[in-house]
Amino acid sequence: MSLTQIATSGLLASQKALNVASNNIANAETEGYSRQTVQYSPTYTLYPGTGALGTGVNTSAVNRITSSFLTAQMWESQSLASESNIHAQYLNDLDQWLGNENTSLSKGFEQFFSALNGSSVDPYAVSARQVVIAESVGLAERFNTLYAQLQGQATMVGQQLNAAADQANGLLANIAAFNDQLRSLSTGNQPANEILDQRDQAIRDLSELVSVNVLEQSDGSYSLYMKSGQPLILGNQFNALSVNGQVDAANGFQLQLNTGNSEIPITGDPGGVIGGLMTYQSEELVKARNELGRLAVMITSEINDQLQAGEDLNGNPGAALFNDLTTPVGAVMALDMSSTAVSALTVVNTNQLQASEYDFRVDNSGNYSLVRRSDGAQVAAGVLTGSGTDTIAFDGVEIRVDGTATDQLYRLSPVRFGAREIQTALTDPAALAFSAPGSGVGDNSNLLELVAIQSQGLLNNGQSTLMTAYSGFVGDIAVQTARMKTEADGGQALLSQAEAAVSTYSGVNLDEEAASILRFQQLYSANARVISVARTTFDALLAMF
């Protein structure tokens with residue numbers, strides 16, 4: 001091996017190192033790019049063991065500088081940060097609506113009972129009675145407005161879930177294609193650093209939408225699984241995500257995995273933006289809808305019952321001020337096509353009402369159970385009679401069920417739509433029954449009973465008035481909002497740390513690359529000098545002959 005050939009191998013190695021360093025500098029701001037380095041190795045040795053002589057240098061590979069541990073940690077941090085951030089955004093909006101003076105029920109209750117109290121001065125005055133009706137309309141509209149805002153959030157959750165699923169499917173397709181490319185390239189021992197970077201970046205983007213577990217296979221491909229274990233990617237094949245359901249469906253919008261042969265519901269928290277949206281939908285949104293509905297059913301029932309116990313200005317029995325919410329619209333939701341046994345749901349005791357929905361099941365032997373979803377408690381269980389119609393009571397509610405039924409599955413929602421349905425039914429001020437029967441139109445004893453409703457313990461086992469129940473609910477949401485904001489801030493801080501760790505390990509340091517450029521230039525120049533010396537030496541030898 002000649003001196004020229006040895007120097008040429010060094011020259012080529014230095015040139016390749018210069019190209020790699022230049023490429024690093026050029027991609028310093030490229031998202032997901034991992035710093036690359038040239039791996040050197042000596043070429044074969046002449047006369048090993050007897051007088052070994054080196055023959056130069058090879059650049060055996062161009063390696064990515066990356067840590068699978070740090071990268072996986074960043075993916076997980078990205079998922080957690082995205083989930084808590086979207087959850088905090090929705091909670092913050094809910095918190096502002098509930099506490100806003102223009103929409104708050106506290107203000108509505110205050111104004112309504114203030115109008116009733118004002119009428120007690122002169123219960124005969126039509127103008128004061130008109131104010132009561134006007135404030136009842138205003139209170140009902142506050143309920144309706146809050147429900148509409150919750151409904152708007154629910155609709156937005158569905159839209160974002162669909163958009164996130166579509167985006168995730170695009171990323172899954174890309175990752176599966178990268179797997180295919182990498183397997184092809186690995187058979188020919190071709191460098192694929194850029195594709196590896198692109199695949200890692202695609203998984204980073206996917207982690208923002210849904211949490212994934214990544215398992216590297218022997219052929220270099222990645223298999224991706226959801227937190228619950230369902231496979232997303234195997235080799236170059238992927239299973240798509242989809243969203244079904246609607247705003248008013250029993251379970252709202254639900255995520256499922258399409259395997260080609262079946263659609264598998266995704267249970268539990270899938271993580272990422274999708275997980276944050278689904279958690280808010282199934283927790284705070286449901287809680288808010290049911291709590292507002294319970295308050296609507298409670299105040300309408302209490303006010304209507306008291307008015308109907310009195311007498312109006314014309315000496316007629318009292319009429320209801322609000323519409324009746326004790327036979328709620330849409331309260332019985334069959335969860336399969338064969339469920340037809342429940343014929344009616346009625347609120348019979350508003351003081352026992354819970355801000356919850358219920359799962360009602362009947363097995364193939366007629367055994368039934370009722371589970372309160374807010375806390376998982378079983379509130380009723382037994383066996384249907386096998387004939388006629390059975391009445392099952394729980395938490396101030398009764399349902400009528402076909403006694404011969406089997407294989408039934410229902411979602412029962414006694415108060416879910418209360419805030420949507422509440423309206424003022426009375427328009428004639430004279431029809432407000434402020435007096436007790438037979439006491440004369442100037443009597444205000446029944447009106448005083450109406451005013452007293454404001455301070456009565458009507459909810460939570462008699463511990464809460466309408467005002468304190470609402471205030472407590474708003475306070476709980478405020479605490480939850482603050483907690484989630486703290487969690488979101490913490491998640492973002494952890495993500496920033498993970499990003500910094502990856503950047504420190506894998507990112508391009510311009511100062512370091514600049515120094516490398518100078519070093520490789522010196523190596524290049526030195527090898528070129530060796531070639532020049534070799535040529536001079538060879539010329540001198542030729543001149544001797």
K.L.:
Examine the side chains of Q151 and D248 and answer whether a donor and an acceptor come within less than 3.5 Å of each other.
P.N.:
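Yes - a donor-acceptor pair under 3.5 Å links their side chains.
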K.L.:
Can you tell me how far the CG atom of L432 sits from the CD atom of Q130, to the nearest 0.5 Å?
P.N.:
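L432 atom CG to Q130 atom CD measures 9.0 Å (nearest 0.5 Å).
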K.L.:
Under a 4.5 Å cut-off applied to non-hydrogen side-chain atoms, are P429 and I133 in contact?
P.N.:
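Yes. Closest side-chain heavy atoms under 4.5 Å.
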K.L.:
Determine whether more than 12 heavy atoms belonging to other residues, nucleotides or ligands lie under 6.0 Å from atom CG of D336.
P.N.:
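Result for CG/D336: enclosed.
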K.L.:
Closest approach of A168 and L206, non-hydrogen atoms and distance?
P.N.:
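Looking at all heavy atoms of both residues, the closest pair is CB-CD1, 3.8 Å.
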K.L.:
When you measure from the side chain of N92 to the backbone N and O of A88, does any donor-acceptor pair fall under 3.5 Å?
P.N.:
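No: the side chain of N92 does not pair with the backbone of A88.
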K.L.:
Once rounded to the nearest 0.5 Å, what's the spacing between atom NZ of K287 and atom CG of D476?
P.N.:
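Rounded to the nearest 0.5 Å, the NZ-CG separation comes to 4.5 Å.
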K.L.:
So, the side chain of N304 versus the backbone of L321: is there a donor-acceptor pair under 3.5 Å, distance only?
P.N.:
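Indeed, once roles are kept as given, a pair shorter than 3.5 Å links the two residues.
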K.L.:
Check whether the side chains of Q78 and R204 place a donor and an acceptor atom closer than 3.5 Å, and report yes or no.
P.N.:
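Per modelled atom types, Q78 and R204 side chains form a pair under 3.5 Å.
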K.L.:
What are the two closest heavy atoms between Y368 and L384, and how far apart are they?
P.N.:
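Answer, listing the atom of Y368 first, then L384: CD2-CD2, 3.7 Å.
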K.L.:
Any side-chain donor-acceptor pair under 3.5 Å between N258 and S242?
P.N.:
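The criterion, which ignores hydrogens and geometry beyond distance, is satisfied for S242 and N258.
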K.L.:
Less than 4.0 angstrom from a charged side-chain N to a carboxylate O is my criterion; do R483 and E487 meet it?
P.N.:
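Result for this pair is yes, salt bridge flagged.
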K.L.:
List the steps and the verdict of side-chain hydrogen bond (donor to acceptor under 3.5 Å, both in side chains) for T346 and T327.
P.N.:
CA-CA 5 Å; T346 306; T327 53; over 6 Å; no
K.L.:
Only one of T300, L105, T103 clears side-chain contact (heavy atoms from CB on, under 4.5 Å) with F143; which?
P.N.:
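By the side-chain contact (heavy atoms from CB on, under 4.5 Å) criterion, F143 pairs with just one of T300, L105, T103: L105.
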K.L.:
Any non-hydrogen side-chain atom of I422 less than 4.5 Å from a side-chain atom of L139?
P.N.:
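Not in contact.
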K.L.:
Decide whether T468 and S471 meet the rule of one side-chain donor and one side-chain acceptor closer than 3.5 Å.
P.N.:
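Note: T468 and S471 side chains miss the donor-acceptor criterion.
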K.L.:
Look at the side chain of N316 and the backbone N and O of D312, then say whether any donor-acceptor pair between them is shorter than 3.5 Å.
P.N.:
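A pair under 3.5 Å: no.
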K.L.:
Specify the closest pair of heavy atoms between T406 and G366, including all atoms of both residues, with the distance to one decimal.
P.N.:
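Shortest heavy-atom contact: CG2-N, 4.1 Å.
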K.L.:
Give a yes or no on whether a salt bridge exists between E291 and R294, defined as a side-chain N under 4.0 angstrom from a carboxylate O.
P.N.:
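Yes.
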K.L.:
Once rounded to the nearest 0.5 Å, what's the spacing between atom CG of N144 and atom CD of Q149?
P.N.:
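Going from CG on N144 over to CD on Q149, the span is 11.0 Å.
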K.L.:
Check the pair Q201, D205 against side-chain hydrogen bond (donor to acceptor under 3.5 Å, both in side chains), reporting the backbone distance first and the verdict last.
P.N.:
CA-CA 6 Å; Q201 182 60 39; D205 294 339; 3.1 Å; yes
K.L.:
For the side chain of S79 and the backbone of E76, is there at least one donor-acceptor N/O pair under 3.5 Å apart?
P.N.:
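Not at all, since once roles are kept as given, no pair shorter than 3.5 Å links the two residues.
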K.L.:
Within the 3.5 Å criterion, strictly below it, is a donor on D390 or T385 matched to an acceptor on the partner's side chain?
P.N.:
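Yes, T385 and D390 have a side-chain donor paired with an acceptor closer than 3.5 Å.
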K.L.:
Does the side chain of L447 reach to within under 4.5 Å of the side chain of L116, using non-hydrogen atoms?
P.N.:
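Side-chain contact under 4.5 Å: yes.
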K.L.:
Is there a side-chain contact between D359 and R373, using heavy atoms and a 4.5 Å cut-off?
P.N.:
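Yes, their side chains come closer than 4.5 Å.
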K.L.:
Between Y410 and S339 (side chain of the first, backbone of the second, donor and acceptor by atom type, cut-off under 3.5 Å), is there such a pair?
P.N.:
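Indeed, once roles are kept as given, a pair shorter than 3.5 Å links the two residues.
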K.L.:
Can you measure from CZ (F360) to CG (L345) and round to the nearest 0.5 angstrom?
P.N.:
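Going from CZ on F360 over to CG on L345, the span is 11.0 Å.
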K.L.:
Hey, are the side chains of L412 and V332 touching, using non-hydrogen atoms and a 4.5 Å cut-off?
P.N.:
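In contact.
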K.L.:
Any side-chain donor-acceptor pair under 3.5 Å between T326 and D324?
P.N.:
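Side-chain D/A pair, T326 to D324: present.
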K.L.:
Tell me yes or no: between the side chains of N244 and Q256, is some donor less than 3.5 Å from an acceptor?
P.N.:
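Short answer, yes.
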K.L.:
Using modelled atom types and a 3.5 Å cut-off, is there a donor and acceptor pairing between side-chain atoms of N169 and backbone atoms of L241?
P.N.:
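Yes, the answer is positive, given that a donor and an acceptor are paired below the 3.5 Å cut-off.
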K.L.:
Does M298 offer a backbone N or O that forms a donor-acceptor pair with the side chain of S301 under 3.5 Å?
P.N.:
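Not confirmed, S301 side chain does not pair with M298 backbone.
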K.L.:
If we ignore angles and hydrogens, is there a donor and acceptor under 3.5 Å between the side chains of N251 and R411?
P.N.:
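Side-chain D/A pair, N251 to R411: present.
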K.L.:
When you look at I303 and F322, which way does the side-chain contact (heavy atoms from CB on, under 4.5 Å) test go after all the steps?
P.N.:
CA-CA 8 Å; I303 296 296; F322 296 102; 4.1 Å; yes
K.L.:
Under the side-chain contact (heavy atoms from CB on, under 4.5 Å) rule, what do V362 and L409 come out as? Steps first, then yes or no, please.
P.N.:
CA-CA 7 Å; V362 182; L409 182 59; over 6 Å; no
K.L.:
Locate the shortest heavy-atom distance separating P231 from L257; write the atom from each residue and the value.
P.N.:
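Closest heavy-atom pair between P231 and L257: O-CD2, 3.4 Å.
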K.L.:
Given side chains that start at C-beta, do those of S104 and Y470 come closer than 4.5 Å, heavy atoms only?
P.N.:
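Heavy-atom side-chain distance check passes, below 4.5 Å.
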K.L.:
Which heavy atom in V415 sits nearest to a heavy atom in N290, and how many Å separate them?
P.N.:
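In this case the closest contact between V415 and N290 is CG2-O, 3.4 Å.
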K.L.:
With side-chain hydrogen bond (donor to acceptor under 3.5 Å, both in side chains) as the test, would you mind laying out the steps for E421 and Y147 before giving the verdict?
P.N.:
CA-CA 9 Å; E421 297 299 322; Y147 184 88; over 6 Å; no
K.L.:
Counting N and O atoms only, with roles assigned by atom type, does the side chain of T259 sit under 3.5 Å from a partner on the main chain of S262, one being a donor and the other an acceptor?
P.N.:
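Here the side-chain-to-backbone pair exists.
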K.L.:
If you measure only the distance, is there a donor-acceptor pair under 3.5 Å linking the side chains of Q306 and N446?
P.N.:
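Q306 vs N446: donor-acceptor pair found between side chains.
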K.L.:
Are side-chain heavy atoms of Q454 and L466 found at a separation under 4.5 Å?
P.N.:
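No, too far: nothing below the 4.5 Å cut-off.
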K.L.:
Is the NZ atom of K227 crowded by more than 12 outside heavy atoms at less than 6.0 Å?
P.N.:
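More than 12 heavy atoms, drawn from other residues, nucleotides or ligands, come within 6.0 Å of this atom.
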K.L.:
Could you go step by step and tell me if Q230 and Y225 meet the side-chain contact (heavy atoms from CB on, under 4.5 Å) rule?
P.N.:
CA-CA 6 Å; Q230 291 93 339; Y225 300 86; over 6 Å; no
K.L.:
Within the 4.5 Å heavy-atom criterion, are L146 and R142 side-chain neighbours or not?
P.N.:
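No, side chains not in contact.
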K.L.:
Between S82 and L209 (side chain of the first, backbone of the second, donor and acceptor by atom type, cut-off under 3.5 Å), is there such a pair?
P.N.:
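No, because the side chain of S82 does not come within donor-acceptor range (under 3.5 Å) of the backbone of L209.
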K.L.:
Got a second to check how far R361's CZ is from S369's OG, nearest 0.5 Å?
P.N.:
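If I round to the nearest 0.5 Å, the distance is 6.5 Å.
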K.L.:
Please step through side-chain contact (heavy atoms from CB on, under 4.5 Å) for the pair L255 and M278, ending with a clear verdict.
P.N.:
CA-CA 8 Å; L255 185 69; M278 296 196 68; 3.7 Å; yes
K.L.:
Nearest 0.5 angstrom please: L224 CG to L234 CG, how far?
P.N.:
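If I round to the nearest 0.5 Å, the distance is 9.0 Å.
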K.L.:
With side-chain hydrogen bond (donor to acceptor under 3.5 Å, both in side chains) as the test, would you mind laying out the steps for D395 and Y358 before giving the verdict?
P.N.:
CA-CA 10 Å; D395 289 350; Y358 301 81; 2.7 Å; yes
K.L.:
Ignoring hydrogens and angles, tell me if any N or O in the side chain of S464 forms a donor-acceptor pair with the backbone of A469 under 3.5 Å.
P.N.:
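A pair under 3.5 Å: no.
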K.L.:
What is the minimum heavy-atom distance between E311 and P437, and which atoms define it?
P.N.:
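Scanning both residues, the minimum pair turns out to be OE1-CA, 3.6 Å.
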K.L.:
Go through the side-chain N and O atoms of Q160 and Y90 and say whether any donor and acceptor fall under 3.5 Å apart.
P.N.:
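Checked: Q160/Y90 side chains pair up, N/O donor to acceptor below 3.5 Å.
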